[in-house]
Novice: 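To start, I am sharing the structure in question, which I have written as structure tokens.
Values below: every heavy atom of this structure, side chains too, minus hydrogens, waters and symmetry copies. We're numbering straight along the sequence, starting at 1.
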Amino acid sequence: MKFVVGIDEVGRGPLAGPVTVCAVACEEGIYKKLKHSRGLPPVGKDSKKLKREDREKYDKILRELSLDGKINFKIVHISNKIIDARGISFAIRQALFKSLSDLKINPNSSKVLLDGGLKAPLEFKSQKTIIKGDEKERIISWASILAKVSRDSLMQKAGIKFPEYGFELHKGYGTLKHRESIKKHGISSFHRITFCKNYG
């Protein structure tokens with residue numbers, strides 16, 4: 001069987017927490033049918049432009065499709081420690097490679113569609129990087145939604161562990177309130193030190 005794979009990342013720019021990559025695989029024939037499903041997000045709606053409740057609704061639908069065997073997906077989080085040690089580009093590449101590896105699909109029978117500037121390993125001969133792909137190709141938008149809901153959940157938990165920073169509100173991004181909390185409380189073990197040099 002031939003598969004279509006969509007890949008996206010979230011969390012490239014925050015001052016804290018992991019970067020997250022999701023890869024979604026779907027058999028080509030099934031994908032052609034699912035692309036026209038009314039129950040899934042329409043083209044032109046990347047995860048950041050959806051309301052939180054809509055993201056969570058679609059996340060649930062996508063997970064149900066996975067349980068039904070219609071899609072398969074893998075989500076990989078790379079920690080702030082690795083981002084500090086090796087850089088954000090390395091962390092994203094590692095997450096992307098691992099997500100594809102975990103899917104266990106044959107590179108020779110897979111077409112990989114990636115958002116933005118992402119690149120798949122060279123053994124995936126059929127791959128295409130699409131600017132604003134999460135707004136143009138449904139399987140990329142599905143990866144974006146699954147990745148964001150998963151990462152947001154981690155940040156919610158971090159908000160409980162580190163209540164002084166409000167991670168549950170800004171998800172680690174450099175909002176004014178977040179920057180002020182860093183100046184007041186210092187940098188936590190959950191922060192990306194290399195991203196916080198101007199705020200600590």
Novice: So, for Leu34 and Cys26, which heavy atoms are closest and what is the spacing to 0.1 Å?
Specialist: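 Minimum heavy-atom separation between Leu34 and Cys26: CD1-SG, 4.0 Å.
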Novice: Does Glu56 pair with Arg52 as a salt bridge, N-O distance under 4.0 Å?
Specialist: yes
Novice: Answer whether the closest heavy-atom distance between the side chains of Lys2 and Ser126 falls below 4.5 Å.
Specialist: no
Novice: Grab the two heavy atoms, one from Ala23 and one from Ser99, that are nearest each other, plus how far apart they are.
Specialist: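 Distance-wise, the nearest heavy atoms are CB-OG, 3.6 Å.
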Novice: Report whether Ile139 and Tyr58 are members of the same hydrophobic cluster (ILVMFWY, side-chain heavy atoms less than 4.5 Å apart, transitive linking).
Specialist: yes
Novice: Less than 4.0 angstrom from a charged side-chain N to a carboxylate O is my criterion; do Arg55 and Asp152 meet it?
Specialist: yes
Novice: Decide yes or no for Ile7 and Asp115: does some side-chain heavy atom of the first lie under 4.5 Å from some side-chain heavy atom of the second?
Specialist: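 In short, these two side chains do not touch, never coming nearer than 4.5 Å.
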Novice: So, does His178 use its side chain to make a donor-acceptor pair with the main chain of Tyr173 at under 3.5 Å?
Specialist: yes
Novice: Between the main-chain N or O of Lys171 and the side-chain N or O of Arg151, is there a donor-acceptor pair closer than 3.5 Å?
Specialist: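 Confirmed, Arg151 side chain pairs with Lys171 backbone.
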Novice: Report yes if the side chains of Gln156 and Leu154 come closer than 4.5 Å at any heavy-atom pair, otherwise no.
Specialist: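 With C-beta onward as the side chain, the pair stays apart.
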Novice: Within the side chain of Ser110, is there an N or O that forms a donor-acceptor pair under 3.5 Å with the backbone of Val112?
Specialist: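 Such a contact is absent between Ser110 side chain and Val112 backbone.
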Novice: Under 3.5 Å, is there a donor-acceptor pair between the side chain of Thr20 and the main chain of His77?
Specialist: no
Novice: Evaluate side chain to side chain contact (heavy atoms under 4.5 Å, CB included) for Cys22 paired with Lys148, printing each intermediate quantity in order.
Specialist: CA-CA 9 Å; Cys22 178; Lys148 181 157 178 58; over 6 Å; no
Novice: Atom CD1 of Ile145 and atom NZ of Lys60: how far apart are they, to the nearest 0.5 Å?
Specialist: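 The CD1 atom of Ile145 sits 15.5 Å away from the NZ atom of Lys60.
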Novice: Should Ile30 and Leu113 be counted in the same cluster of Ile, Leu, Val, Met, Phe, Trp and Tyr side chains packed under 4.5 Å apart?
Specialist: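 Result: yes, single cluster for both.
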Novice: Could you check if a side-chain atom of Gln94 sits within less than 4.5 angstrom of a side-chain atom of Ile82, using non-hydrogen atoms only?
Specialist: yes
Novice: Judged by atom type as modelled, is there a donor-acceptor pair below 3.5 Å linking the side chain of Lys136 to the main-chain atoms of Ile131?
Specialist: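 At least one qualifying donor-acceptor pair exists.
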Novice: Give the intermediate values and the outcome of side chain to side chain contact (heavy atoms under 4.5 Å, CB included) for residues Val5 and Leu114.
Specialist: CA-CA 8 Å; Val5 181; Leu114 307 101; over 6 Å; no
Novice: Counting C-beta onward and ignoring hydrogens, is there a side-chain heavy-atom pair between Leu146 and Arg63 closer than 4.5 Å?
Specialist: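 Leu146 reaches Arg63 side chain to side chain.
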Novice: Can you measure from CZ (Phe73) to CG (Leu65) and round to the nearest 0.5 angstrom?
Specialist: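 Rounded to the nearest 0.5 Å, the CZ-CG separation comes out at 10.0 Å.
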Novice: Are the charged groups of Glu164 and Lys184 less than 4.0 angstrom apart, N to O?
Specialist: no
Novice: Assigning hydrophobic clusters by single linkage (Ile, Leu, Val, Met, Phe, Trp, Tyr; side-chain heavy-atom cutoff under 4.5 Å), is Val10 placed with Phe90?
Specialist: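 Not linked; separate clusters.
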Novice: Do Asp134 and Ser141 pair up side chain to side chain, a donor and an acceptor below 3.5 Å, judged on atom types alone?
Specialist: no
Novice: Yes or no on salt bridge (Lys or Arg N to Asp or Glu O under 4.0 Å) for Glu135 and Lys49, after CA distance, side-chain angles and deciding distance?
Specialist: CA-CA 10 Å; Glu135 297 182 13; Lys49 293 180 180 178; 2.8 Å; yes
Novice: Do Arg179 and Cys196 have side chains that get closer than 4.5 Å, going by heavy atoms?
Specialist: no
Novice: Distance-only, no hydrogens or angles: does the Ser109 side chain make a donor-acceptor pair with backbone N or O of Asn106 under 3.5 Å?
Specialist: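 Indeed, once roles are kept as given, a pair shorter than 3.5 Å links the two residues.
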Novice: Shortest non-hydrogen contact from Ala95 to Val21?
Specialist: CB-CG2, 3.6 Å
Novice: Rounded to the nearest 0.5 Å, what separates atom NE2 in His185 from atom OH in Tyr165?
Specialist: 6.5 Å
Novice: Go through the steps to decide whether Lys35 and Glu137 satisfy the test side chain to side chain contact (heavy atoms under 4.5 Å, CB included), and finish with yes or no.
Specialist: CA-CA 9 Å; Lys35 280 175 74 171; Glu137 190 67 54; 3.8 Å; yes
Novice: Centroid separation under 6.0 Å, is that true for the rings of His191 and Phe167?
Specialist: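 That pair passes the under 6.0 Å test.
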Novice: Can you tell me if Arg192 uses its side chain to pair, donor with acceptor, with the backbone of Gly17 under 3.5 Å?
Specialist: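 Confirmed, Arg192 side chain pairs with Gly17 backbone.
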Novice: Counting only heavy atoms from other residues, nucleotides and ligands, does the tally under 6.0 Å from CG of Leu67 exceed 12?
Specialist: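 Yes.
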Novice: Any side-chain heavy-atom pair from Phe195 and Pro14 closer than 4.5 angstrom?
Specialist: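 A side-chain contact is absent here, since even the closest heavy-atom pair is not under 4.5 Å.
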Novice: On the 0 to 90° scale, with breaks at 30° and 60°, tag the Phe190-Phe162 ring pair as parallel, tilted or perpendicular.
Specialist: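 Ring orientation of Phe190 relative to Phe162: parallel.
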Novice: Examine distances only and state if a side-chain atom of Ser144 and a backbone atom of Ile140 form a donor-acceptor pair shorter than 3.5 Å.
Specialist: no
Novice: Could you pull out the closest heavy-atom pair between Ile78 and Ala91, with the gap in Å?
Specialist: CG1-O, 3.4 Å
Novice: Step by step, would you call Asn72 with Val24 a side chain to side chain contact (heavy atoms under 4.5 Å, CB included)?
Specialist: CA-CA 6 Å; Asn72 188 13; Val24 179; over 6 Å; no
Novice: For the pair Asp68 (side chain) and Lys70 (backbone), establish whether a donor and an acceptor sit closer than 3.5 Å, ignoring hydrogens and angles.
Specialist: no
Novice: First locate atom CE of Met155, then atom OG of Ser150, and finally report the distance between them rounded to the nearest 0.5 Å.
Specialist: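 Going from CE on Met155 over to OG on Ser150, the span is 12.0 Å.
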Novice: If you round to the nearest 0.5 Å, how far is CD1 of Ile193 from CG of Leu15?
Specialist: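 Those atoms lie 12.5 Å apart.
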Novice: Any donor and acceptor pair, going by atom type alone, linking the side chain of Glu27 with main-chain N or O of Gly29 inside 3.5 Å?
Specialist: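 At least one qualifying donor-acceptor pair exists.
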Novice: Any chance you could measure Lys128, atom NZ, to Leu118, atom CG, to the nearest 0.5 Å?
Specialist: 15.0 Å
Novice: Count I, L, V, M, F, W, Y as connected when their side-chain heavy atoms are under 4.5 Å apart, and connections chain through other members. Are Leu50 and Leu40 then in the same cluster?
Specialist: yes
Novice: Does one hydrophobic cluster hold both Phe124 and Val76, with members joined at side-chain heavy-atom distances below 4.5 Å?
Specialist: yes
Novice: Nearest heavy-atom pair of Ala120 and Phe97: which atoms, and what distance?
Specialist: C-CE1, 4.3 Å
Novice: What's the shortest heavy-atom distance between Leu96 and Lys119, and which atoms?
Specialist: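 Nearest pair, atom of Leu96 first, then Lys119: CD1-O, 3.5 Å.
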Novice: When you compare the side chain of Asp102 with that of Leu100, does any pair of heavy atoms fall below 4.5 Å?
Specialist: no
